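Everything below concerns the one structure shown next.
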Amino acid sequence: MTTPAAALVVTPATLRRSGADPLRQSMEHLGHVLPERADSTVLLDFLEDDLREGLDALGDVEAHFADVLDALHPDALSPLGMLQAGDEQLVLQRLELLMDVVTRVRRRLSQAAGLMRQTTTT
């Protein structure tokens, strides 16, 4: 079962209530196993940025489909509402961004795995 993007996106209000950011915690866990070097720190920063950007884009895609479902609700059903909900330009841009982010995350995870191997072999 997949986790909705909204469940992974952490809002400032959520952070105040829980005191924790799951993405930040994941980066901290990874940081503990990487060598203490500048390139590791930079990699962690880039990976965190990429993950946040991807989750944000995923949330926009999810919101698009929620808007489509809302437009198809019997109380809201209208030709104009359906045309507006079907305007996919933003969602297509976000999907393109997601493809780019997935590639970057894959590359950064590979780099992190290489750095982890360096710490275990030295």
Side-chain angles (χ1 to χ4, degrees):
M1 183 167 157
T2 60
T3 304
L8 298 173
V9 177
V10 179
T11 64
T14 304
L15 288 176
R16 282 192 299 273
R17 282 193 307 271
S18 70
D21 176 351
L23 199 154
R24 177 101 270 331
Q25 288 178 337
S26 295
M27 294 300 96
E28 289 174 3
H29 293 308
L30 179 58
H32 290 301
V33 298
L34 294 180
E36 293 183 27
R37 300 183 345 203
D39 57 340
S40 295
T41 303
V42 171
L43 176 63
L44 286 171
D45 287 343
F46 282 144
L47 180 58
E48 182 176 358
D49 289 346
D50 289 340
L51 289 170
R52 287 193 191 281
E53 188 175 21
L55 289 169
D56 184 48
L58 192 57
D60 288 344
V61 172
E62 185 176 27
H64 168 74
F65 285 102
D67 290 346
V68 170
L69 291 176
D70 288 345
L72 296 175
H73 192 271
D75 297 336
L77 200 55
S78 74
L80 180 60
M82 288 190 300
L83 289 173
Q84 289 173 336
D87 182 12
E88 76 284 345
Q89 190 57 41
L90 174 64
V91 78
L92 289 175
Q93 290 171 351
R94 301 306 275 172
L95 286 169
E96 287 179 23
L97 174 69
L98 271 172
M99 289 175 33
D100 183 48
V101 168
V102 166
T103 301
R104 289 192 318 245
V105 167
R106 182 171 141 208
R107 185 178 69 243
R108 295 194 203 292
L109 290 175
S110 176
Q111 291 171 331
L115 288 172
M116 282 177 64
R117 284 186 21 189
Q118 288 177 7
T119 60
T120 59
T121 59
T122 55

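No experiment lies behind these values; they were computed from the predicted model shown. We use all heavy atoms of the structure for the numbers below, so side chains are in, but hydrogens, waters and symmetry mates are not.
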For the [atom1] atom of [X] and the [atom2] atom of [Y], what is their distance to the nearest 0.5 Å?
| X | Y | atom1 | atom2 | answer |
| --- | --- | --- | --- | --- |
| L95 | L90 | CG | CG | 9.5 Å |
| M27 | L43 | CE | CG | 9.0 Å |
| R94 | D60 | CZ | CG | 4.5 Å |

Which residue pairs pass the side chain to side chain donor-acceptor pair (under 3.5 Å) test with at least one member in residues 64-90, sequence neighbours excluded?
none

Could you report the tightest heavy-atom contact between [X] and [Y], atom names first, then the distance?
| X | Y | answer |
| --- | --- | --- |
| A112 | L34 | O-CD2, 3.5 Å |
| L98 | G54 | CD2-O, 3.4 Å |
| L47 | L109 | CD2-CD2, 4.0 Å |
| A85 | V68 | O-CG2, 3.5 Å |

If two hydrophobic side chains count as joined below 4.5 Å and joins carry through other members, does M82 share a cluster with L69?
no

Donor-acceptor contacts under 3.5 Å from residues 99-108 side chains, at least two apart:
unit_1, atom_1, unit_2, atom_2, d
D100, OD2, R104, NH1, 2.4
T103, OG1, M99, O, 3.1
R104, NE, D50, OD1, 3.0
R104, NH2, D50, OD1, 3.1
R104, NH2, E53, OE1, 2.5
R108, NE, D50, OD2, 2.4
R108, NH2, D50, OD2, 3.3

Min side-chain heavy-atom separation M116-L30 under 4.5 Å
yes

